Amino acid sequence: MATATNHSPLLRLFLSTLSLSLFFSAPVVVSGNAIFSLKYRYEGTDRSLNSLRAHDNNRLRMFSDVDLPLGDSSTPDSSGLYYARIGIGTPPKSYYMQVDTGTDVTWVNCIHCTDCPQRGYHGIELTLYDPKDSSTSRMVSCGENFCLEVSGGLLTGCTADSNLSCNYAELYGDGGSSTGYFVNDIIQYDQVSGDLQTTASNGSVNFGCSAGEFLDQASSDYALDGLLGFGKSNWSMISQLASSGRVSKMFAHCLDGENGGGIFAIGQIVKPKVNTTNLIPGQPHYNVNLTAVKVGDDYLSLPSNIFEAGGRKGAIIDCGTTLAYLPAFIYEPLVSQMLAQQPSLDLRTVQDLYSCFQFSESLDDGFPNVTFYFQNSLQLEVLPHEYLFPVDNLWCIGWQNSGNQSHDKMNLTLFGDLVLSNKLVLYDLENQTIGWTPYNCSSSIEVEDEQSGTVHLVGAHDLPTSASINVVPIVTVFLLVLLGCYFSSPNR
């Protein structure tokens with residue numbers, strides 16, 4: 001979702017008109033790190049190709065300055081793939097939050113929201129956050145450093161010692177929005193104290209108290225309480241959790257495309273070891289330099305300046321996108337060579353977008369592996385059973401031509417869950433690197449407590465519906481329930 005991070009003077013003037021006087025109690029500052037149990041948002045539902053297309057439509061808009069329509073179907077899948085149940089306030093109340101690595105601002109629907117539904121996805125009871133109900137809540141003033149950084153400067157009418165609120169307006173590429181003001185409060189979590197052992201803890205963070213409607217969640221059937229932002233900025237959830245000095249500014253996820261489930265961890269990952277490449281400076285998302293593509297044993301012939309056109313640099317890594325989007329000069333030869341091993345296939349176009357076919361033999365024996373190469377010798381190998389997904393009695397190709405999606409043919413390169421599943425992906429914001437390694441995401445990883453040097457074992461779990469909140473000192477771990485049906489099959 002594209003957000004307004006550098007506010008224009010007009011937007012800052014709009015924000016200043018929303019100012020409120022300071023009326024909250026002083027904060028209780030508790031340093032610490034948090035982990036939240038994640039659940040796949042559409043677990044157990046029948047996701048059609050329309051829903052896949054609608055979801056990725058909104059994700060693609062997040063990475064562009066133009067409308068990138070993938071179709072006219074509007075479904076709740078566009079709101080996000082994962083959600084977490086967390087505790088906020090003192091005494092804590094439970095909130096169901098969408099998790100998004102492409103967004104920076106965390107926010108929750110507040111008591112001022114008049115259009116927010118009372119029940120949401122699968123009938124879960126939604127809760128409006130009321131700052132007055134929490135003894136540890138305080139309003140973030142417009143003169144605080146946090147507000148200056150988020151707003152891109154001092155809001156109109158605000159002074160350094162002002163008691164006016166720090167207002168925000170997050171505008172998303174799918175037409176959704178969240179408007180309100182920032183508060184500071186306690187997020188409740190469990191701290192990992194040993195191998196698969198936890199103790200209670202909490203941490204203080206700034207987040208948006210949203211009074212405006214998030215349009216993409218307008219349908220109460222799929223509404224959630226808010227959003228957890230895990231983007232790159234200094235005000236994202238990962239950056240705030242790391243600012244205490246007790247948590248490393250790095251996180252990793254391992255999405256199990258075989259069985260469902262997985263791990264999302266914040267902190268120092270000791271095992272498995274991960275090779276990394278540099279993030280491209282000056283980009284708002286997780287962009288990396290792609291250097292080569294190999295289909296089977298053959299390398300594609302690519303231009304040397306493949307990512308410079310239109311100012312778009314590198315390939316974007318985004319676990320919130322379902323499929324993989326490639327420029328035409330990569331997509332066309334890649335798919336051609338992929339299908340060359342099966343020249344007798346009868347290709348069919350499904351829903352005017354996806355190329356599909358019937359195939360009853362082993363996918364991994366019948367089609368080539370596809371390998372992407374990045375700087376620092378980092379490789380991303382994708383197996384046929386990962387880039388092909390089943391629809392009814394057909395197999396559909398997960399590679400998409402991004403040039404066909406956009407109005408200006410800007411040729412976006414975006415790697416989503418299609419290629420990221422069954423790999424541990426590490427985001428190191430301290431060193432501005434990212435990397436991955438093939439891994440069994442239903443197994444365990446080892447994380448290090450940087451204060452004591454102790455290494456703890458963290459395992460993957462499928463969450464019950466009433467997911468609890470589990471957390472680690474130095475390492476924040478999210479337990480995922482993922483949809484495995486699109487990327488797993490006995491035909492291998």
Side-chain angles (χ1 to χ4, degrees), residues 1-6 56 58-66 68 100-105 172-173 229-239 249-253 255 274-293 302-331 334 370-380 382 399-403 405-406 408-420 423-437:
M1 289 180 288
T3 58
T5 54
N6 293 319
D56 279 3
N58 292 332
R59 297 299 299 183
L60 282 172
R61 288 173 180 168
M62 177 178 70
F63 303 110
S64 66
D65 298 324
V66 297
L68 301 176
D100 192 348
T101 58
T103 301
D104 295 311
V105 171
Y172 301 111
F230 275 84
K232 288 176 60 180
S233 79
N234 290 333
W235 56 87
S236 69
M237 180 63 70
I238 173 64
S239 296
K249 197 174 181 180
M250 61 181 67
F251 66 97
H253 59 69
L255 314 179
V274 178
N275 186 27
T276 61
T277 187
N278 291 331
L279 292 169
I280 298 177
Q283 299 298 303
H285 303 293
Y286 298 104
N287 296 51
V288 291
N289 281 315
L290 177 64
T291 59
V293 181
L302 302 178
S304 59
N305 60 341
I306 57 177
F307 294 118
E308 296 304 320
R312 190 156 304 281
K313 298 181 179 180
I316 300 171
I317 306 298
D318 176 47
C319 69
T321 298
T322 308
L323 304 178
Y325 296 83
L326 304 170
F329 49 80
I330 296 179
Y331 170 82
L334 186 155
V370 177
T371 306
F372 298 92
Y373 294 87
F374 303 84
Q375 288 182 342
N376 198 30
S377 302
L378 182 63
Q379 301 179 18
L380 180 61
V382 189
W399 311 115
Q400 299 297 300
N401 187 341
S402 61
Q405 317 299 330
S406 64
D408 64 352
K409 309 299 182 185
M410 69 177 183
N411 288 326
L412 182 74
T413 303
L414 175 62
F415 294 125
D417 286 343
L418 175 84
V419 300
L420 300 179
K423 300 168 185 68
L424 182 76
V425 183
L426 174 64
Y427 305 73
D428 184 349
L429 294 180
E430 291 185 352
N431 297 303
Q432 290 295 296
T433 62
I434 188 172
W436 46 78
T437 186

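The model shown is predicted, which means the values in this text are computed figures rather than measured ones. Residue indices begin at 1 and follow the sequence shown.
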> Who passes ring-ring contact (aromatic ring centres under 6.0 Å, His included) against Phe415, sequence neighbours left out?
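Residues passing ring-ring contact (aromatic ring centres under 6.0 Å, His included) with Phe415: Phe372.
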> Using the rule given for side-chain contact (heavy atoms from CB on, under 4.5 Å), can you reason through Leu426 versus Phe251, listing the C-alpha separation, both sets of side-chain angles and the distance that settles it, and then say yes or no?
CA-CA 6 Å; Leu426 174 64; Phe251 66 97; over 6 Å; no
> Flag the pair Ile434 / Thr277 as yes when at least one side-chain heavy-atom distance between them is below 4.5 Å, and no otherwise.
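SC-SC contact between Ile434 and Thr277 confirmed.
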> Please find the pair of heavy atoms, one from Ile280 and one from Asn289, that lie closest to each other, and give the distance.
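The answer is CD1-OD1, 3.3 Å.
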> Do Thr276 and Asp428 pass the side-chain contact (heavy atoms from CB on, under 4.5 Å) test, and can you show the C-alpha distance, the side-chain angles, and the key distance before you say yes or no?
CA-CA 9 Å; Thr276 61; Asp428 184 349; 5.8 Å; no
> Consider only side-chain N and O atoms of Lys249 and Asn431, and report whether a donor and an acceptor are under 3.5 Å apart.
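Side-chain D/A pair, Lys249 to Asn431: absent.
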> Between Asn275 (side chain only) and Asn376 (backbone N and O only), is there a donor and an acceptor less than 3.5 Å apart?
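At least one qualifying donor-acceptor pair exists.
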> So do the side chains of Leu302 and Val293 get within less than 4.5 Å of each other, counting heavy atoms only?
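Yes; the side chains approach each other to less than 4.5 Å.
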> Are Leu378 and Gln375 packed together at the side-chain level, in the sense that at least one heavy-atom pair is separated by less than 4.5 angstrom?
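Side-chain contact under 4.5 Å: no.
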> Do the non-hydrogen side-chain atoms of Leu279 and Leu429 ever get within less than 4.5 Å of each other?
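Yes, their side chains come closer than 4.5 Å.
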> Under a 3.5 Å distance rule, please check whether Ser233 uses its side chain to pair with a backbone N or O of Trp235 as donor and acceptor.
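Between the backbone of Trp235 and the side chain of Ser233 there is a qualifying donor-acceptor contact (under 3.5 Å).
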> Any chance you could measure His253, atom NE2, to Leu424, atom CG, to the nearest 0.5 Å?
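Rounded to the nearest 0.5 Å, the NE2-CG separation comes out at 8.5 Å.
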> Under a 4.5 Å cut-off applied to non-hydrogen side-chain atoms, are Leu334 and Val370 in contact?
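Yes. Closest side-chain heavy atoms under 4.5 Å.
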> Would you check if the side chain of Thr413 reaches a backbone N or O of Ala315 as a donor-acceptor pair within less than 3.5 Å?
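Absent.
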> Going from OH on Tyr325 to CG on Leu414, what distance comes out if it is rounded to the nearest 0.5 angstrom?
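If we round to the nearest 0.5 Å, Tyr325:OH and Leu414:CG are 7.5 Å apart.
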> Test Leu323 against Trp399 for side-chain contact (heavy atoms from CB on, under 4.5 Å), laying out the working first.
CA-CA 7 Å; Leu323 304 178; Trp399 311 115; over 6 Å; no
> Starting from the C-alpha separation in whole Å, work towards a yes-or-no answer on side-chain contact (heavy atoms from CB on, under 4.5 Å) for Ile330 and Leu290.
CA-CA 11 Å; Ile330 296 179; Leu290 177 64; 4.1 Å; yes
> So do Leu380 and Tyr373 actually touch side chain to side chain, heavy atoms under 4.5 Å?
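A side-chain contact is absent here, since even the closest heavy-atom pair is not under 4.5 Å.
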> Please enumerate all residues that pass ring-ring contact (aromatic ring centres under 6.0 Å, His included) together with Phe374, with sequence neighbours excluded.
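Phe374 satisfies ring-ring contact (aromatic ring centres under 6.0 Å, His included) with Trp436 only.
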> Step by step, work out the side-chain hydrogen bond (donor to acceptor under 3.5 Å, both in side chains) result for Asn287 and Lys232.
CA-CA 11 Å; Asn287 296 51; Lys232 288 176 60 180; over 6 Å; no
> Any side-chain donor-acceptor pair under 3.5 Å between Ser236 and Asp104?
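No, no side-chain donor-acceptor contact under 3.5 Å.
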> Contact between Asn278 and Val288 at the side-chain level, heavy atoms closer than 4.5 Å - yes or no?
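No, too far: nothing below the 4.5 Å cut-off.
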